[in-house]
Amino acid sequence: MATGATPTDVVTDVVIVGAGPTGLALGIDLARRGVDALVVERGAELAPGSRGKGFQPRTMEVFEDLGVLDAVLAAGGTYPVGMVWRDGRQLGEHRMFDPAEDGEPHSRFTVPWMVPQWRTTRILHARLTELGGRVAFGREAVTVDQDADGVTVRFASGAPVRARYAVAADGGRSVLRRALGIGMTGETVDPDPILVADVRVEGLSREFWHLFPPGGAGEARDPGGSGGPGGPGDPGESEGSGGRRGFLAICPLAGTEDFQLVAQFPGADGPDPSLEGVRKVVGERTHLAPESVTAVGWSSDFRPRAALADRFRAGRVFLAGDAAHVHSPAGGQGLNTSVQDAYNLGWKLAAVLTGAAPEALLDTYEEERRPIAAHILALSTAIHRDQARRGAATRQLGLGYRESSLAVTDGETPGEVRAGDRVPDVQVDGARLHASLAGPRWTLLAMGTHAPRTPEGVRVLSCPPVEPFGTGLYLVRPDGYVGWTGADPEGLAAYAARVGAGAGAGKRGRPGTATR
């Protein structure tokens, strides 16, 4: 354990600041690996509100591996078709997402899945608790100090927490990022404020995502919901009877009786988030009577921006989620990218903490995730400005780490799947490959070739070669990406030793702690 702690310190391996989807997902991944981690949250409870409400197919794959897929599926549903309105008349349907096409990466998931964020965090919190993890509420972090042995996070009240590593998952206004002096580079995507609210509405069908173009005229240009797939496009401005008005969208929230309302306010200082304010904008921009809005459960306002942290790591502190990258909600990329930050970092922290891998492995977190975040930021901004569509790229199945130092090919590439690629979920011997890879371990796929002796803890799956693989060996990382491929057993052994493949897997679990 870390040295230099005072008697009042809480001592743990990892302290995660922020109990949103990013922090909870990381907590789950560490808990199932037996790593002692503490999630701290400034609020007295989990945050309310729908916020980010949609999951892309790649995130659904991550959730399956983390053991929350069934709960996520039960809690949500698919997105409804958009319905464009003008003057109380339905102009026609509007498809928010391009359908999956032949040639896209193999996955059991092909469309976005809607779950309000407040429900997602509760699902993740329940899973973390099941695995023996913990969240300390009412702990507002104010600063972080570090030395050669560990970090100390200090709070507005209560004892500090001493840990070997800290993760800032505390949002776009991250206190820890600012305390570390890490800047963010970016731009304002849209200068106009946007109101998002969870509301109850009478007399509005839940069959459609209701779209009201600016000023009540013209066709919608991808207005949508905050934080999930289908966010604000480039709705433009128009002159109506009420002057300059932005778009308004009202989307039924799957698994609830609520709707998520999103409204743009061109030229305004800020919208009125109260019940009266929401009723006013609904009355002005739709055919509905103001009193049809019966309740506002949660509301917030923001100005869409895109920003990327200059670094994702400072010594023993890592940035993840919105603390590292802030997206326009268009395209539903922010929350999804954030969960995958956690999925990338979790196995690496565990490997170093168990002594299975050298500390240098942690350098690959920023190496791999910052370019991905930059790419997704550009995509989100392009969608917001109506310069890109919500198609294959937004599903995030084709993202990978081919340029990473962890992606190693010995000899010729045996097939289409290369080192650094996400493993496609194809059928192997009558079973889904991802089901065979599930769990926090490394896996050696021996496709049409003899499997050499592997390190203890690395499972082996021998099978005939299946497309898009070729004949050869594929060492699959715990996060489902190919780390090494080739045919040389000595090259495999050297790579496994370098990254700690197999060593220490599940060996730090507390009594009763699950590792699946």
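Everything numeric in this text was worked out from a predicted model, so none of it was measured.
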Are the aromatic rings of W298 and W118 close, with centres under 6.0 Å apart? no
Can you confirm if the NZ or CZ of R313 lies within 45° of the ring axis of Y365 and under 6.0 Å from the centre of its six-membered ring?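 No, cation not above the ring by the 6.0 Å, 45° rule.
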Validate the cation-pi geometry between R285 and F212: distance from NZ or CZ to the six-membered ring centre under 6.0 Å, angle to the ring axis within 45°. no
Side chains of [X] and [Y]: does their closest heavy-atom pair fall under 4.5 Å?
X	Y	answer
R369	T337	yes
Q427	L433	no
V196	L261	no
S436	T443	no
L319	E366	no
R58	R395	no
F312	F318	no
W442	W347	yes

Pair L30-V14, side chain to side chain contact (heavy atoms under 4.5 Å, CB included): steps then yes or no: CA-CA 9 Å; L30 293 174; V14 182; 4.1 Å; yes
Return yes if some donor-acceptor pair links the side-chain N/O of [X] with the main-chain N/O of [Y] below 3.5 Å, else return no.
X	Y	value
D301	P271	no
S380	I376	yes
D192	Q264	no
S292	A289	yes
R206	L253	yes
R119	G255	yes
D65	Y343	no
D198	S50	yes
R177	A323	yes
R422	G400	no

Decide whether T59 and Q396 meet the rule of one side-chain donor and one side-chain acceptor closer than 3.5 Å. no
Please walk me through it: do D425 and R108 pass salt bridge (charged side-chain N to carboxylate O under 4.0 Å, His left out)? CA-CA 7 Å; D425 194 11; R108 64 177 289 197; 5.8 Å; no
Shortest non-hydrogen contact from [X] to [Y]?
X	Y	result
D272	L195	O-CD2, 4.1 Å
L397	S107	CD1-CB, 3.7 Å
A141	L176	CB-CD1, 3.9 Å
M114	P80	CE-CD, 3.9 Å
L248	V282	CD2-CA, 4.4 Å
I16	G23	CG2-CA, 3.6 Å

Under the criterion salt bridge (charged side-chain N to carboxylate O under 4.0 Å, His left out), I'd like the reasoning laid out for E64 against R432: C-alpha separation, chi angles, the key distance, then a yes or no. CA-CA 12 Å; E64 180 177 30; R432 288 177 43 247; 2.9 Å; yes
Measure up the Y481 and Y401 rings against each other and bin them: parallel (under 30°), tilted (30 to 60°), perpendicular (over 60°).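 Plane angle between 30° and 60°, so tilted.
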Take the angle between the ring planes of W85 and H210 and call it parallel below 30°, perpendicular above 60°, tilted in between. tilted
Distance check, rounded to the nearest 0.5 Å: [X] atom [atom1] versus [Y] atom [atom2]?
X	Y	atom1	atom2	answer
L275	E291	CG	CD	11.0 Å
L66	I123	CG	CD1	12.5 Å
C251	Y79	SG	OH	6.5 Å
D421	L399	CG	CG	11.0 Å
L377	H375	CG	NE2	10.5 Å
L211	F247	CG	CZ	10.0 Å

Under 3.5 Å, which donor-acceptor pairs do the side chains of residues 39-48 form with other protein atoms, sequence neighbours left out?
unit_1	atom_1	unit_2	atom_2	d
E41	OE1	A19	N	2.9
E41	OE2	G43	N	3.0

My understanding is that only residues two or more places apart in sequence, or in another chain, count here; which of them pass side chain to side chain contact (heavy atoms under 4.5 Å, CB included) with [X]?
X	result
T394	Q56, Q333, L379, I383, R390
V189	P304, A306, S328, T381, H384, R385
S338	T22, D322, H325
T188	none

Apply side chain to side chain donor-acceptor pair (under 3.5 Å) to K53 and Q117, showing your working. CA-CA 5 Å; K53 65 179 184 295; Q117 185 167 319; over 6 Å; no
Side chain to side chain contact (heavy atoms under 4.5 Å, CB included) between V167 and V317: does it pass, once the steps are laid out? CA-CA 6 Å; V167 179; V317 185; over 6 Å; no
If you apply the rule salt bridge (charged side-chain N to carboxylate O under 4.0 Å, His left out), what do you find for R200 with D258, and how did you get there? CA-CA 5 Å; R200 293 288 176 92; D258 295 337; 2.3 Å; yes
Would you call [X] and [Y] a salt bridge, taking side-chain N to carboxylate O under 4.0 Å as the test?
X	Y	result
R127	D29	no
E276	K280	no
R134	D36	yes

Evaluate side chain to side chain contact (heavy atoms under 4.5 Å, CB included) for D479 paired with Q340, printing each intermediate quantity in order. CA-CA 9 Å; D479 57 355; Q340 291 166 55; over 6 Å; no
V72 and T120: CA distance, side-chain angles, deciding distance, side chain to side chain contact (heavy atoms under 4.5 Å, CB included) verdict: CA-CA 7 Å; V72 168; T120 299; 5.7 Å; no
Going by the rule ring-ring contact (aromatic ring centres under 6.0 Å, His included), which residues pair with F469 if we only count those two or more places apart in sequence or in a different chain?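 Only Y474 meet the ring-ring contact (aromatic ring centres under 6.0 Å, His included) criterion with F469.
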